[in-house]
Amino acid sequence: NAGVTQTPKFQVLKTGQSMTLQCAQDMNHNSMYWYRQDPGMGLRLIYYSASEGTTDKGEVPNGYNVSRLNKREFSLRLESAAPSQTSVYFCASSAYHLEQYFGPGTRLTVT
Amino acid sequence: AQSVTQLDSQVPVFEEAPVELRCNYSSSVSVYLFWYVQYPNQGLQLLLKYLSGSTLVESINGFEAEFNKSQTSFHLRKPSVHISDTAEYFCAVSEASNTGKLIFGQGTTLQVKP
């Protein structure tokens, strides 16, 4: 069991470029989440998907889009990257409302 | 709306000393409570959780936390810390009837000194 995997691990973008962060889980979980982690602010929810075929906004959705491709995969897209999106991004999954399992993170720098 | 406050951003402590990391939450509904640990350059790992039942919950590596409903707290304790406990600790809350969305505190860095 790989758990939750994320690609890429590191990425540097120029302002205005786009990219997609990939996340996959092999635990047959229904729910998946995208967070960003910034110093002193804990983790903030960007988007989540309670089940396959549904997505909802979290606390900080502006500038992001998501796709729940199937039960295993949940991607996060930055259409036009901004320096304020420099952060560490974590994907997580859970079986309904139980504890969440996190991936190793993607460290994104926007210059 | 729910919120979580971790009262200390950094807690320095000597090895083998006891430690308490404080967490307070606010919510108008029943909640589930979690403590996660993050070692440097890694993702978050679940340390322990309170869903229902006994208000004292324990982890496999000696941490414990007590749910106090009247004080809306979920403080994390360990009677004797090790160097390997150095990490960032996050308290989180979710509504008991929700989709599982977590609200995190700001995090507490535990620095264990030899």
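Note on naming: letters A, B, ... go to the chains in the order of the sequence lines (proteins, then strands), and numbering restarts at 1 for each one.
- Both A:F74 and A:L78 belong to a single network of hydrophobic side chains, linked directly or stepwise wherever heavy atoms of I, L, V, M, F, W or Y lie under 4.5 Å apart.
- Side-chain heavy atoms closer than 4.5 Å link hydrophobic residues (I, L, V, M, F, W, Y) into clusters, and following such links, even through other members, never connects B:F34 to B:L48.
- B:F67 and B:V57 fall within a single hydrophobic cluster, where Ile, Leu, Val, Met, Phe, Trp and Tyr are joined by side-chain heavy atoms under 4.5 Å apart, directly or via other members.
- Only the side chain of B:Q38 comes within less than 4.5 Å of a heavy atom in chain A; its backbone stays farther off.
- Using a 4.5 Å cut-off on side-chain heavy atoms (C-beta onward), B:L102 and A:Y33 make no contact.
- A:Q37 touches chain B through its side chain: at least one heavy atom from C-beta onward sits under 4.5 Å away, while N, CA, C and O do not.
- Between A:Q100 and B:L44 the shortest side-chain heavy-atom distance does not fall below 4.5 Å.
- With rounding to the nearest 0.5 angstrom, the OH atom of B:Y36 is 5.0 Å from the CZ atom of A:F102.
- In this structure, the portion of A:R107 lying under 4.5 Å from any heavy atom of chain B is its side chain and not its backbone.
- Under a cut-off of 6.0 angstrom, the local environment of CZ in B:F14 is sparse, with at most 12 non-hydrogen atoms contributed by other residues, nucleotides or ligands.
- In the hydrophobic clustering of ILVMFWY residues, with side-chain heavy atoms under 4.5 Å counting as a link, A:M32 and A:I46 come out together.
- Using a 4.5 Å cut-off between heavy atoms, A:L43 touches chain B through backbone and side chain atoms alike.
- Comparing A:P104, A:A92, A:G42 by how many heavy-atom pairs each has under 4.5 Å with chain B, the most go to A:G42.
- Under a hydrophobic-cluster definition in which Ile, Leu, Val, Met, Phe, Trp and Tyr are linked whenever side-chain heavy atoms come within less than 4.5 Å, directly or via other members, B:Y25 and B:L46 are assigned to different clusters.
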